[in-house]
Each structure stands twice: as structure tokens, then as C-alpha cells.
Amino acid sequence: MNEQVQPAGDPLFNPLAPDFIRNPYPHYDRLRTVDPIHETPFGQFVASRHADVSLVMRDKRFGKDFVERTTRRYGPEIMKEPVFRSMSYWMLQADPPDHTRLRGLVVKAFTARRVEDMRPRIQEIVDQTIDAVKDRGHMDLIEDFAFRLPVTIICDMLGIPEEHREVFYKSSREGGRLLDPVPMTPEEIAKGNAANMMAQMYFQQLFELRRRSPADDLTTQLVQAEEDGNKLTNEELTANIILLFGAGHETTVNLIGNGLLALHRNPDQLALLKAQPDLITNAIEEFLRYDSSVQMTGRVTLEEIDDLGGKRIPKGESVLCLLGSANHDPAVYPDHPDRLDITRPNVRPLSFGGGIHFCLGAQLARIEAEIAIATLLRRLPDLRIDDVENPAWRPTFVLRGLRHLPASW
């Protein structure tokens with residue numbers, strides 16, 4: 001039992017509380033100091049130190065075990081809900097051998113060479129996006145800028161026809177709540193089901209289109225894998241396309257938005273990056289570390305763990321890995337971890353996860369953010385964020401990002 005008992009009525013880990021959403025980092029400091037492997041009221045264990053988070057993501061004694069974990073949280077009927085049934089087919093939630101098979105089907109689309117070859121297309125989209133707003137003198141950096149680039153790129157990769165895209169540019173970004181560690185209400189589940197059914201209907205039509213007229217895109221590749229027999233079922237195909245679409249833009253939107261906010265909250269770093277644009281590659285790593293667009297990933301103990309940070313954890317328990325906390329751990333970043341420093345050496349953020357679930361699109365997200373932020377600073381050097389002190393954060397925890405970020409020049 002930890003000697004430092006937390007004050008009554010003040011939970012150490014309350015990730016949907018408004019002040020936690022606004023700034024989780026002081027809460028993480030408390031967790032790492034007071035109770036680094038913390039048990040929540042929902043019976044999950046929360047790992048907040050870099051060493052423990054790294055171990056859990058890479059150790060084979062931990063897996064996903066999605067159906068069992070979700071059934072424990074919501075009860076035996078939960079897998080009848082379409083949104084949870086769909087999630088159970090995500091490669092992100094799968095363990096080997098299913099994970100190995102599913103990831104093997106899409107990994108070729110994300111090779112370093114293929115991603116590097118996308119640079120000119122990424123630059124073109126960023127320039128077009130700025131061209132469309134530059135005479136207005138103001139824009140929402142999320143809706144008008146950060147959102148458009150990754151949505152266009154993932155539409156390109158999936159082969160979503162141009163004439164279908166406007167609906168994706170206008171679609172809401174409400175899906176993040178699905179991933180949060182706090183159970184969803186029946187209303188939230190119903191909303192998730194409705195969004196999932198809409199996505200399934202659209203992608204089923206896209207599959208039919210690509211069966212009739214194949215193209216050089218990821219959807220065609222996956223449809224052909226489905227036709228090869230047991231490589232992919234129709235449910236796996238649909239679920240993983242939905243996953244690729246969501247993962248392909250959500251985190252990059254947040255990386256660009258959080259990075260721009262961090263720069264404008266630290267004018268010395270903004271001035272430095274404008275004066276030395278070649279610092280952008282290291283700056284992106286620092287943005288990932290400083291305010292990660294993904295704050296948490298989860299695992300389940302596949303066997304009893306004798307000692308994780310001093311605690312024994314029974315088999316079948318959920319362990320939540322706080323990536324945002326690990327990225328601020330002074331044991332790894334001794335020099336003011338809570339300060340933004342785009343020249344910081346040896347920045348290796350855990351923001352893209354680790355082990356077999358390391359993010360497939362990590363390099364693509366980095367390049368998109370690099371080109372987007374560098375081009376914006378170059379082409380709109382006078383841009384100012386209207387209110388850096390009180391930006392509108394999305395009310396989700398795992399996917400940390402802004403709802404809006406109005407700016408003028």
C-alpha cells in the first residue's frame with residue numbers, strides 16, 4: 001500500500017474532468033510521484049512512468065484481448081452493439097496470429113519509400129489549402145487547415161473518388177470517445193453505432209466499386225486479399241478500412257493543431273523555428289513528446305505479472321499506458337520535461353506506441369505535420385492564434401486535440 005494516500009474526493013486519475021482535458025500534465029506528475037501503477041475505480045491499472053509504459057507495450061505477457069476486456073467492462077451483451085463488434089475486428093485490437101495476418105495485408109502501403117514518394121502530393125495539398133484562405137486574413141487552423149490535409153491523403157490512399165470526398169471534409173470528429181478508458185453511456189454507444197453503420201454502408205459501396213473497377217489503391221489491395229480466401233473476411237475488411245480512415249487522419253490533425261498551439265504559446269521557439277526552418281524535423285519529435293495527440297494505449301495481462309512497478313497484477317487485468325505521461329518523465333527527459341524545446345537532443349517520444357502495435361502511419365504523420373507546419377510558417381509569417389490561453393479542446397482524453405483554433409494574419 002502506498003504511504004501517500006490520495007485526498008478523498010480528488011481522484012488521481014479522472015481523465016474526462018475539464019481540467020484534466022485542458023492540461024493533463026500536472027495530473028501525470030502526481031501519478032508518477034504518488035502512485036505510478038495506479039488502480040482506477042473501474043479496476044484498471046494505470047502505468048505513468050516511461051520505463052513501465054515501454055515494458056508493457058513491448059512485453060509478450062501483455063496483449064489486447066479486446067472481446068474479453070470489453071465484456072468485463074460492459075457485460076456479456078456488449079458485442080451485439082455494432083460499433084464494438086466492428087472494433088473487435090480492428091488489427092489495432094487484435095493479438096497474433098490475427099494481428100500478424102491483418103497488418104501484413106496493409107503494411108506494404110506504408111513503407112518508408114512509398115511514404116517519401118508522397119512528399120510532392122502532400123506539399124501540393126498544403127499549398128492549395130493555404131491558397132484557398134490566404135486572402136481572407138483569418139481561418140480556423142483545425143477545420144480549414146489541419147483537417148483537410150490528412151483527410152485528403154487517406155482518401156487518396158484508399159481510393160475514395162473525388163466526388164465523394166466533400167462529405168468526409170464536413171464529417172464531425174466525434175469518434176474519439178470510443179477509445180477512452182471511462183465507460184460510455186447508452187446514448188454515446190447509440191451515437192457510435194449510428195456513425196459505424198453509416199461508415200459501413202459507404203465502404204461496402206466502395207468495395208463493390210473496386211471489385212468492378214480495380215485501381216492502384218489500398219481498398220483494391222484489401223478487396224483482392226478478401227477474394228483470396230481466408231486472408232480477410234468481409235467484416236474484417238469493413239472494420240479495418242474504417243480503422244485506417246480514422247487513424248489515417250485523426251492523430252495527424254491533432255499533431256498539427258497541438259504543435260501550432262505549442263509554438264504560439266512559446267514565442268521564443270516560434271521565432272527560432274522561423275529563423276532556422278531546418279529544425280522542423282526535430283521540432284515535430286518535440287511536439288509529439290510535448291503534447292502527444294495520442295495520450296494512452298491499453299493492454300491486458302495474458303498471465304499473472306509478479307511485479308510491475310512494485311505491484312502484482314493478476315491475469316486478465318487491463319493496464320493503461322499513459323504515453324503523454326511517459327513523454328514527460330524526468331527519468332528520461334531530465335532537462336525541464338514540461339518545457340517546449342525544439343532543439344532538445346535525443347527526443348524519442350512514445351506517442352506512436354510500441355511493440356507489434358507500433359503505428360503503421362507514424363512516418364506519414366511526421367511528414368504531413370512537417371510539411372504543413374513549415375509551409376504555414378513560411379507562407380503566413382504574420383499568422384497569430386486569436387486566443388492561445390483558452391483554446392477549445394475536444395472533450396476526449398485518448399485522442400488529445402483541439403476542436404477549433406481560430407487564427408488571423
Asker: Any chance you could lay out the salt bridge (charged side-chain N to carboxylate O under 4.0 Å, His left out) test for Asp98 and Arg101, step after step, and finish with the verdict?
Answerer: CA-CA 5 Å; Asp98 282 340; Arg101 175 175 58 85; 3.1 Å; yes

Asker: Would Ser318 and Arg299 count as having a side-chain donor-acceptor pair, cut-off 3.5 Å?
Answerer: no

Asker: Indicate whether the side chain of Ser408 and that of Asp386 have a donor and an acceptor atom separated by less than 3.5 Å.
Answerer: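 Distance-only check passes for Ser408 and Asp386.
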
Asker: Should Leu380 and Thr375 count as side-chain neighbours, where that means a heavy-atom distance under 4.5 Å?
Answerer: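 A side-chain contact under 4.5 Å is absent here.
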
Asker: As a test of understanding, state which of Leu222, Leu105, Thr219 forms a side-chain contact (heavy atoms from CB on, under 4.5 Å) with Leu237.
Answerer: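 Result: among Leu222, Leu105, Thr219, Leu222 is the only option passing the side-chain contact (heavy atoms from CB on, under 4.5 Å) with Leu237.
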
Asker: Could you go through the salt bridge (charged side-chain N to carboxylate O under 4.0 Å, His left out) check for Arg348 and Glu285 one step at a time?
Answerer: CA-CA 7 Å; Arg348 286 190 291 276; Glu285 297 308 298; over 6 Å; no

Asker: In sequence, state the C-alpha distance, the side-chain angles, and the governing distance for Arg69 and Thr71, and then conclude on side-chain hydrogen bond (donor to acceptor under 3.5 Å, both in side chains).
Answerer: CA-CA 6 Å; Arg69 166 169 51 112; Thr71 305; over 6 Å; no

Asker: Can you give me the closest heavy-atom contact between Gly257 and Ile142, atom names plus distance?
Answerer: CA-CD1, 3.8 Å

Asker: Check this for me: does any side-chain nitrogen of one of Asp35 and Lys311 sit under 4.0 Å from a carboxylate oxygen of the other?
Answerer: yes

Asker: One thing to verify: whether Arg72 and Glu317 come together as a salt bridge, which I'm taking to mean a side-chain N less than 4.0 angstrom from a carboxylate O.
Answerer: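 Salt bridge between Glu317 and Arg72, a charged N being under 4.0 Å from a carboxylate O: yes.
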
Asker: Evaluate the salt bridge (charged side-chain N to carboxylate O under 4.0 Å, His left out) criterion for residues Glu286 and Arg339: first the C-alpha distance (whole Å), next the side-chain angles of each, then the deciding distance (0.1 Å), finally the verdict.
Answerer: CA-CA 10 Å; Glu286 176 67 350; Arg339 185 186 293 167; over 6 Å; no

Asker: Hey, would you say the His164 and Tyr202 ring centroids sit under 6.0 Å apart?
Answerer: yes

Asker: State the CG-CD distance between Leu402 and Glu143, to the nearest 0.5 angstrom.
Answerer: 12.5 Å

Asker: Could you go through the side chain to side chain contact (heavy atoms under 4.5 Å, CB included) check for Val398 and Gln295 one step at a time?
Answerer: CA-CA 5 Å; Val398 172; Gln295 289 284 312; 5.7 Å; no

Asker: Between Arg379 and Asp127, does at least one N-O distance fall below 4.0 Å, as a salt bridge requires?
Answerer: yes

Asker: Could you walk me through whether Phe203 and Ile160 pass the side chain to side chain contact (heavy atoms under 4.5 Å, CB included) check?
Answerer: CA-CA 9 Å; Phe203 286 114; Ile160 292 172; 4.1 Å; yes

Asker: Given Leu92, which partner from the list Leu243, Leu244, Leu360, Asn240 fulfils the side-chain contact (heavy atoms from CB on, under 4.5 Å) test?
Answerer: Leu243

Asker: Apply side-chain hydrogen bond (donor to acceptor under 3.5 Å, both in side chains) to residues Asn196 and Gln200 and explain how you reach the verdict.
Answerer: CA-CA 6 Å; Asn196 182 263; Gln200 286 204 35; 2.8 Å; yes

Asker: Check this for me: does any side-chain nitrogen of one of Arg61 and Glu304 sit under 4.0 Å from a carboxylate oxygen of the other?
Answerer: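 The answer is no: the pair does not qualify as a salt bridge.
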
Asker: Would you call the rings of Phe352 and Phe358 parallel, tilted or perpendicular, where under 30° means parallel and over 60° means perpendicular?
Answerer: perpendicular

Asker: Between Phe13 and His38, what is the ring plane arrangement, given parallel below 30°, perpendicular above 60°, and tilted in between?
Answerer: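 Ring orientation, 0 to 90° scale: perpendicular.
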
Asker: For residues Pro181 and Pro15, determine if any side-chain heavy atom of one lies less than 4.5 Å from a side-chain heavy atom of the other.
Answerer: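 SC-SC contact between Pro181 and Pro15 confirmed.
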
Asker: State, with a plain yes or no, whether a side-chain heavy atom of Arg113 is found less than 4.5 Å away from one of Glu116.
Answerer: no

Asker: Any Lys/Arg nitrogen of Glu389 or Arg265 sitting under 4.0 Å from an Asp/Glu carboxylate oxygen of the other?
Answerer: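 Here Glu389 does not pair with Arg265 in a salt bridge, since their nearest N and O are not under 4.0 Å apart.
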
Asker: Looking only at heavy atoms, which two atoms of Phe145 and Ala372 are closest? And how far apart?
Answerer: CZ-O, 3.4 Å

Asker: Evaluate Asp335 against Arg344 for salt bridge (charged side-chain N to carboxylate O under 4.0 Å, His left out), listing each step before the verdict.
Answerer: CA-CA 9 Å; Asp335 185 21; Arg344 189 184 296 275; 5.1 Å; no

Asker: Is Arg73 positioned over the aromatic face of Phe42, cation under 6.0 angstrom from the ring centre and no more than 45 degrees off axis?
Answerer: no

Asker: Please give me the minimum heavy-atom distance between Leu340 and Ala262, naming the atom from each residue.
Answerer: CD2-O, 3.6 Å

Asker: Going by atom types alone, do Thr152 and Tyr169 pair a side-chain donor with an acceptor below 3.5 Å?
Answerer: yes

Asker: Side chain of Asn266, backbone of Asp268: donor and acceptor closer than 3.5 Å?
Answerer: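 Judged by distance alone, no pair lies under 3.5 Å.
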
Asker: List the atom of Met296, the atom of Leu322, and the distance in Å for their closest heavy-atom pair.
Answerer: CG-CD2, 3.9 Å

Asker: Looking at Arg119 and Glu368, is any side-chain nitrogen of the basic one under 4.0 Å from a carboxylate oxygen of the acidic one?
Answerer: no

Asker: Are Arg400 and Trp393 in a cation-pi contact, defined as NZ or CZ under 6.0 Å from the six-membered ring centre and within 45° of the axis?
Answerer: yes

Asker: Give me the atom names and distance for the closest heavy-atom approach of Ala109 to Leu218.
Answerer: CB-CD1, 3.7 Å

Asker: Answer with yes or no after comparing the ring centroid distance for Phe147 and His249 against a 6.0 Å cut-off, counting only values under it.
Answerer: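 Aromatic pair counts; centres sit under 6.0 Å.
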
Asker: Please determine, by modelled atom types, if Ser351 and Asn327 share a side-chain donor-acceptor pair under 3.5 angstrom.
Answerer: yes

Asker: Would you say His328 and Asp29 are linked by a side-chain donor-acceptor pair, where the criterion is simply a distance under 3.5 Å?
Answerer: no

Asker: When you compare the side chain of Leu31 with that of Ser325, does any pair of heavy atoms fall below 4.5 Å?
Answerer: no

Asker: May I ask you to check whether Tyr89 and Glu236 show a side-chain donor-acceptor distance below 3.5 Å?
Answerer: no

Asker: Could you tell me whether Glu208 and Arg211 make a salt bridge, using a distance below 4.0 angstrom between a side-chain N and a carboxylate O?
Answerer: yes

Asker: Do you know which of Ile371, Ile342, Ile373 makes side-chain contact (heavy atoms from CB on, under 4.5 Å) with Ile280?
Answerer: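 That would be Ile373.
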
Asker: Measure across Leu350 and Leu323 and return the closest heavy-atom pair with its distance rounded to 0.1 Å.
Answerer: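 So the minimum-distance heavy-atom pair works out to O-CD2, 3.5 Å.
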
Asker: Would you confirm whether the ring centroid of Tyr290 sits within less than 6.0 angstrom of the ring centroid of Phe287?
Answerer: no

Asker: Could you check whether any side-chain heavy atom of Pro330 comes within less than 4.5 Å of a side-chain heavy atom of Arg32, counting everything from C-beta outward?
Answerer: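 Side-chain contact under 4.5 Å: yes.
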
Asker: Walk me through it: do Ser88 and Gln93 pass the test side-chain hydrogen bond (donor to acceptor under 3.5 Å, both in side chains)?
Answerer: CA-CA 6 Å; Ser88 72; Gln93 303 290 8; over 6 Å; no

Asker: Taking everything shown except Asp19 itself, do over 12 heavy atoms lie less than 6.0 Å from its CG?
Answerer: yes

Asker: Less than 4.0 Å between a side-chain N and a carboxylate O, is that true for Arg49 and Asp52?
Answerer: yes

Asker: Show the numbers, then the answer: is there a side-chain hydrogen bond (donor to acceptor under 3.5 Å, both in side chains) between Thr220 and Asp217?
Answerer: CA-CA 6 Å; Thr220 303; Asp217 59 41; 2.8 Å; yes

Asker: Indicate yes or no: at least one non-hydrogen side-chain atom of His138 is less than 4.5 angstrom from one of Pro406.
Answerer: no

Asker: Would you say Lys60 has more than 12 foreign heavy atoms packed within less than 6.0 Å of its NZ?
Answerer: no

Asker: Between Glu303 and Lys315, is there a salt bridge with N-O shorter than 4.0 Å?
Answerer: no

Asker: Taking the six-membered ring for Trp, are the ring centroids of Phe20 and Phe397 within less than 6.0 Å of each other?
Answerer: yes

